[in-house]
**Student:** 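Submitted below is the structure of interest, expressed as structure tokens.
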Number of protein chains: 2
Amino acid sequence: MGRWEPDARGRLERAALELFVERGYEQATVTEIARRAGLAQRTFFRHFADKREVLFAGARTQQEYLVSAVARAPEAATPIDAVDAALEAAAAELQERGEYARQRQAVIAANQELHERELIKLAALAAAIAGALRRRGVTDPAASLAAEAGIAVYKISFERWVSEPGPPDLPGLIRESFGELREVTAGTA
Amino acid sequence: MGRWEPDARGRLERAALELFVERGYEQATVTEIARRAGLAQRTFFRHFADKREVLFAGARTQQEYLVSAVARAPEAATPIDAVDAALEAAAAELQERGEYARQRQAVIAANQELHERELIKLAALAAAIAGALRRRGVTDPAASLAAEAGIAVYKISFERWVSEPGPPDLPGLIRESFGELREVTAGTA
DNA sequence: CTATATGATGGCAGCGACTGACATCAGGTA
DNA sequence: TACCTGATGTCAGTCGCTGCCATCATATAG
């Protein structure tokens, strides 16, 4: 075997998730993760900006997917419907890697630092979706509001999905939550 | 002067904000902050869990205020109206310390770590508001959705408030944004 | 086939955030 | 006066993270 086994980045991601599951995020040092992947600590930080980032490598792909999904929604769709459709599509993708997603989410939920990182990724997602809506001609603050509301719906739906025992379909939960949001905001005043 | 000057915590908060404004969050070390407050580095970490937390000391007070404001909303108020009223009241309080708020927000906006911490504080706020709504008899997921939607409105309104040159009233911006959220979510489907 | 350029990696020193353990001091109390 | 309690100081040590330079594998030029 040569000095450079292929897919160093992927090996680091898998080694990290393994160690985080085995003994928790804080108890696993970067040096250990790198060693398990057959690499040096210094190399870890060449692939990931910091220790948390190793769990969020897929965020960029997900964001690009969501943005393109918003862009290709029917021209007649309202902003909120475009966001709904995009999130349901992304949820369907996610659900196929259900086991990985649940394991990863358990690690994140057990650690505040990771929760913070997740929130800022979701905020970036909201900003990207708002941008996609503006490119559809939606003006602010409607674009930002639709995007943030969509992310709120996604957060709540995802929490219900991981917490519930059986495997209900995530897209369905998202659709329901959008409906409930409509009822909640339709109030008086 | 005695060994223990009063209000060590407050001195640390002020020294930290000063240094962050002067040369940025990352360039200011905890040791420097403590020295400017006339204390040792170790004492800083007895008052604040970590370096970021020194900027978020008021979050707990704000959360208690919001929860009680939701609790004392008229019994007939819808969930979203209760959240609206609470946020407008909190915004009025905040606006009185407008100069401090803007300075603090500038520091936070310039640093990603601080932005992350702010987001998790807002998420905690949303959870607390949802709890207050449940105590009013609102069931989930309506309670969570109303709370998250409210926080989304707050985020967007606050951003507009700090970015705009003149000093428009923050409560008014929040009220407007709730109205726009209603229009956005009222879409078809 | 050899020399060289390029990119990925390793090793090391060092800074700053954070923590545990122990000593010290001010103020109150028996 | 002796003691107790809480806030602070000091010190050593771990870990995340970075800059710097050496090293190795592969590709390409010659």
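Residue numbers start from 1 in every chain, and the chains themselves are labelled A, B, ... in the order their sequence lines are given, proteins ahead of strands.
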**Student:** Out of C:dC18, D:dC17, C:dG11, which has the shortest distance to the side chain of B:Gln41?
**Tutor:**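 Among C:dC18, D:dC17, C:dG11, the one nearest the side chain of B:Gln41 is C:dC18.
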
**Student:** In whole Å, I'd like the distance from the CG atom of B:Asp50 to the P atom of C:dA17.
**Tutor:** 11 Å

**Student:** With no angle test and no hydrogens, is the base of D:dG6 tied to the side chain of B:Arg46 by a donor-acceptor pair under 3.5 Å?
**Tutor:**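 Not at all, since no donor on one side and acceptor on the other fall under 3.5 Å apart.
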
**Student:** Please determine whether any donor N or O and acceptor N or O are separated by less than 3.5 Å between the side chain of B:Arg42 and the base of C:dG20.
**Tutor:** yes

**Student:** Out of C:dG10, C:dA17, D:dC17, which nucleotide sits closest to the side chain of B:Val30?
**Tutor:**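 Looking only at heavy atoms from C-beta outward on B:Val30, the closest nucleotide is C:dA17.
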
**Student:** In terms of relative ring orientation, are A:Phe158 and A:Tyr154 parallel, tilted or perpendicular, with 30° and 60° separating the classes?
**Tutor:** parallel

**Student:** For B:Gln27 and D:dT18, what is the distance between atoms CD and P respectively, to the nearest whole Å?
**Tutor:** 13 Å

**Student:** Whole-Å distance between C:dT9 P and A:Phe44 CZ?
**Tutor:** 13 Å

**Student:** For A:Ala8 and for B:Thr31, find the nucleotide of DNA chain C with the closest heavy atom, then tell me which residue's nucleotide is more 5'.
**Tutor:** A:Ala8

**Student:** Using a cut-off of strictly less than 4.0 Å, decide whether B:Thr43 has a side-chain nitrogen or oxygen near OP1 or OP2 of D:dG9.
**Tutor:**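 B:Thr43 to D:dG9 OP1/OP2: side-chain N or O found under 4.0 Å.
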
**Student:** Expressed as a whole number of angstroms, how long is the span from B:Asn111:CG to C:dA17:C1'?
**Tutor:**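 Computing the B:Asn111:CG to C:dA17:C1' distance gives 14 Å.
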
**Student:** Over how many whole Å does the gap from B:Leu12 atom CG to D:dA7 atom P extend?
**Tutor:**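 Taking atom P of D:dA7 as the reference, CG of B:Leu12 is at 14 Å.
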
**Student:** What is the distance, rounded to the nearest whole Å, between atom CZ of B:Arg52 and atom P of D:dG16?
**Tutor:** 15 Å

**Student:** Taking A:Leu12's backbone N and O only, do any of them form a donor-acceptor pair with A:Arg36's side chain (distance below 3.5 Å, no angle check)?
**Tutor:**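 Not at all, since once roles are kept as given, no pair shorter than 3.5 Å links the two residues.
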
**Student:** Tell me: NZ of A:Lys51 to P of C:dA17, nearest whole Å?
**Tutor:** 18 Å

**Student:** Write down the distance between CG (A:Asp7) and C1' (C:dA8), rounded to a whole number of angstrom.
**Tutor:**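 My rounded result for the distance is 14 Å.
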
**Student:** Would you indicate, yes or no, if C:dT9 has its OP1 or OP2 atom less than 4.0 angstrom from a side-chain nitrogen or oxygen of A:His47?
**Tutor:** yes

**Student:** Whether A:Lys51 engages the ring of A:Tyr25 as a cation-pi pair (distance to the six-membered ring centre under 6.0 angstrom, angle to the ring normal within 45°) should be assessed.
**Tutor:** yes

**Student:** Looking at the side chain of A:Phe45, which of C:dG10, D:dT8, D:dT18 is the nearest nucleotide?
**Tutor:** D:dT18

**Student:** Any base atoms under 4.0 Å from A:Ala28, or only sugar-phosphate, or nothing? Heavy atoms, all strands.
**Tutor:** sugar-phosphate

**Student:** Decide, yes or no, whether a salt bridge links B:Glu32 with B:Arg23 under the criterion of side-chain N to carboxylate O below 4.0 Å.
**Tutor:** yes

**Student:** State whether B:Arg60 and B:Glu64 are salt-bridged, where the test is any N-O pair (Lys NZ or Arg NE/NH1/NH2 against Asp/Glu carboxylate O) under 4.0 Å.
**Tutor:**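 Yes, B:Arg60 and B:Glu64 are salt-bridged.
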
